[in-house]
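A, B, ... follow the sequence lines: proteins, then strands. Residue 1 opens every chain.
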2 protein chains.
Amino acid sequence: MGIRANSGADRKNIRLVLTDAGLRPTRQRVSLAELLFARGDRHISAEGLHEEAVTERVPVSLATVYNTLNQFTSAGLLREVAVVGNTTYFDTNVGDHHHFYLEDDQVVFDIPGKGVEVGALPDAPEGMEIVKVDVVVHLRRKVTQVQ
Amino acid sequence: MGIRANSGADRKNIRLVLTDAGLRPTRQRVSLAELLFARGDRHISAEGLHEEAVTERVPVSLATVYNTLNQFTSAGLLREVAVVGNTTYFDTNVGDHHHFYLEDDQVVFDIPGKGVEVGALPDAPEGMEIVKVDVVVHLRRKVTQVQ
DNA sequence: CTGTGTGCAAACTCTTTGCATAAGT
DNA sequence: ACTTATGCAAAGAGTTTGCACACAG
């Protein structure tokens, strides 16, 4: 069912979840999972997570961060968030919910509460099935007149 | 108001629209606009448009295609479509509507008709305003059992 | 003629890959 | 021990940029 911060994202729990997902609980994967799931919902890029790992004295290479994020996503522990741009964001909240994208800062965050209701979903075309629905509300900082 | 194929996307019209947008109607820009707007709604990448231009004997460099697509987007003639991945897709339909993204083929197409209704939009956070809303319904080809 | 646009190649960013080394079970 | 993961550096996409030449008004 994924890793939830408030269910105690401690090492034991994390190792269990990784094992269940068919992923060896290596030092790097456990540490990255801790960083990712310790503080509840996060939206982070590979580069961002790597920097954080370096700061936290977790020895891990950028390539491994990419591998790990993709593996976690395949395992359903993370979800990729669609935004325009060349950077991929990963969301620790796997449930159905949607996102604000602040264009000025290139930052992603959850739309709080029941902010968006996607009404009737379209039927998937013949022979296809819906994998997920991403709603991204693009924001810009309001231009305030200087007085 | 943009360029609409069925309003006659001929050279005269295109030159006018470009001029109104503050863009000089150069050979390349007019030709690219023709390719983009000749056949109604399209979703195309820079690389794809460049290949098409080459096929159509329109002499234009890839860098110019990128420039042009970005300029058209700034001018409101195109709209960027949000999908995960490293390729940016541009949509000739600037109106409010949403997209299917076929993951297997990395192809974008419009959701036909009134397939999606985004209900109440969330309030933009303090000091910000909503620029646009992108809904992307990810599809996968249904796995059919071999018998 | 004057200023803007274009083409080319190089630079840049993000991401993936190949292979030797290290670590998990 | 055996297998899988990691790190490094290099390769690979996609995109942007700098500067000389070409073109539109």
By salt bridge (Lys or Arg N to Asp or Glu O under 4.0 Å), E103(A) pairs with (sequence neighbours left out) R140(A)
Distance only, no hydrogens: is a donor on one side chain within 3.5 Å (strictly under) of an acceptor on the other, for H99(B) and D91(B)?
yes
Legend entry - Side-chain heavy-atom pair L78(B), T73(B) within 4.5 angstrom cut-off: yes
In short, side chain to side chain donor-acceptor pair (under 3.5 Å) pairs touching residues 16-30 of chain B with sequence neighbours left out are R29(B)-Q71(B)
| query | Is the backbone of V107(A) close enough, under 3.5 Å, to the side chain of H43(A) for a donor and an acceptor to pair up by distance? | reply | no
Each nucleotide of nucleotides 3-15 of chain D classed B (base within 4.0 Å of a protein heavy atom), S (only sugar-phosphate) or -, in 5' to 3' order, makes BBSSBB-----SB
Sorted by chain and number, sequence neighbours left out, side-chain contact (heavy atoms from CB on, under 4.5 Å) with S74(B) holds for none
Axis-to-axis angle across the helix from dC1(C)-dG25(D) to dT25(C)-dA1(D), five pairs each end, nearest 10 degrees, ~ 30°
Residues joined to Y66(A) in its hydrophobic cluster, side chain to side chain under 4.5 Å directly or through other members, sorted by chain and number, are L62(A)
